[in-house]
Amino acid sequence: MKTIDIAKACGVSHDSATKVIDFIVKELERELAENGICRIKKLGTFKTVSRKEHKGCNLRTGESIVVPAHVSIKFNPADAIKKHLNDKQ
């Protein structure tokens, strides 16, 4: 989905839609940095997850590499979204 699609669906300008999306992303980043979790009603929950250092493989060369420890983000969709997806099958 593109910003212009959101703007058209909501009947607002592209600039207005961009400002809203930028605000949501910045707040999501801030909330995850401060608390490690961010719940957005009707969308789902974003949560930080610490990943340990582990061995991996460079898919292009086949070379073994060490993937350093890092923080990743896990997303759990809201129940309504999961229900909607499962009802379509």
Side-chain angles (χ1 to χ4, degrees):
M1 178 177 282
K2 297 180 182 179
T3 307
I4 193 70
D5 299 327
I6 295 170
K8 287 179 182 177
C10 295
V12 297
S13 70
H14 183 267
D15 288 341
S16 294
T18 300
K19 286 178 184 177
V20 170
I21 292 168
D22 288 346
F23 173 78
I24 292 169
V25 170
K26 285 179 185 173
E27 285 299 303
L28 178 63
E29 290 172 348
R30 184 190 61 75
E31 194 71 23
L32 288 172
E34 289 179 8
N35 303 315
I37 191 167
C38 182
R39 289 184 182 92
I40 301 176
K41 191 173 182 177
K42 296 186 179 183
L43 180 63
T45 302
F46 295 86
K47 187 187 274 187
T48 57
V49 180
S50 296
R51 305 284 184 196
K52 295 180 183 178
E53 182 179 279
H54 61 277
K55 290 182 181 180
C57 181
N58 182 326
L59 298 177
R60 290 186 182 169
T61 65
E63 177 186 4
S64 291
I65 59 171
V66 175
V67 179
H70 61 280
V71 177
S72 189
I73 299 172
K74 182 179 176 183
F75 174 71
N76 289 323
D79 290 339
I81 293 175
K82 287 190 265 187
K83 184 178 184 307
H84 178 75
L85 290 174
N86 288 319
D87 287 348
K88 286 194 168 205
Q89 293 179 353

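Residue numbers start at 1 and run along the sequence shown. These figures come from a predicted structure and were not determined experimentally.
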Quiz item: With Lys47, which residues qualify under salt bridge (Lys or Arg N to Asp or Glu O under 4.0 Å), at least two apart?
Solution: none
Practice problem: Quick one: list whatever passes side-chain hydrogen bond (donor to acceptor under 3.5 Å, both in side chains) with Asn35, sequence neighbours left out. | Solution: Glu31
Quiz item: Sequence neighbours excluded, which residues qualify as salt bridge (Lys or Arg N to Asp or Glu O under 4.0 Å) partners of Arg30?
Solution: Glu27, Glu34
Self-check item: Val20: side chain to side chain contact (heavy atoms under 4.5 Å, CB included) partners, not counting sequence neighbours
Solution: Ile24
Compile the donor-acceptor pairs under 3.5 Å between side chains in residues 61-73 and protein atoms, sequence neighbours left out, one pair per line.
| unit_1 | atom_1 | unit_2 | atom_2 | d |
| --- | --- | --- | --- | --- |
| Thr61 | OG1 | Glu63 | N | 3.2 |
| His70 | ND1 | Pro68 | O | 3.0 |

Quiz item: Residues in salt bridge (Lys or Arg N to Asp or Glu O under 4.0 Å) with Asp79, at least two apart?
Solution: Lys82
Exercise. Check side-chain hydrogen bond (donor to acceptor under 3.5 Å, both in side chains) between Ser50 and all other residues, then give those that pass, not counting sequence neighbours.
Key: none
Exercise. Find out if a path of hydrophobic residues (ILVMFWY) with successive side-chain heavy-atom gaps under 4.5 Å connects Ile40 to Leu85.
Key: yes
Exercise. Tell me, please, which residues at least two apart from Phe75 pass ring-ring contact (aromatic ring centres under 6.0 Å, His included).
Key: Phe46
Self-check item: Pair listing, salt bridge (charged side-chain N to carboxylate O under 4.0 Å, His left out) test, anchored in residues 8-25, at least two apart
Solution: none
Quiz item: Where do Ala7 and Ala17 come nearest, in terms of heavy atoms and distance?
Solution: CB-CB, 3.8 Å
Quiz item: How far does CG of Leu43 sit from CD1 of Ile81, to the nearest 0.5 angstrom?
Solution: 5.0 Å
Self-check item: ring pair (Phe, Tyr, Trp, His ring centres under 6.0 Å) contacts touching residues 6-38 (sequence neighbours left out)
Solution: none
Exercise. Starting from Val49, walk the hydrophobic network (Ile, Leu, Val, Met, Phe, Trp, Tyr; side-chain heavy atoms closer than 4.5 Å) and list everyone else you reach, by chain and number.
Key: none
Quiz prompt | Set of residues satisfying side-chain hydrogen bond (donor to acceptor under 3.5 Å, both in side chains) with respect to Thr48, sequence neighbours excluded | solution = none
Self-check item: Common cluster, Ile21/Met1, ILVMFWY with side-chain heavy-atom separation under 4.5 Å
Solution: yes
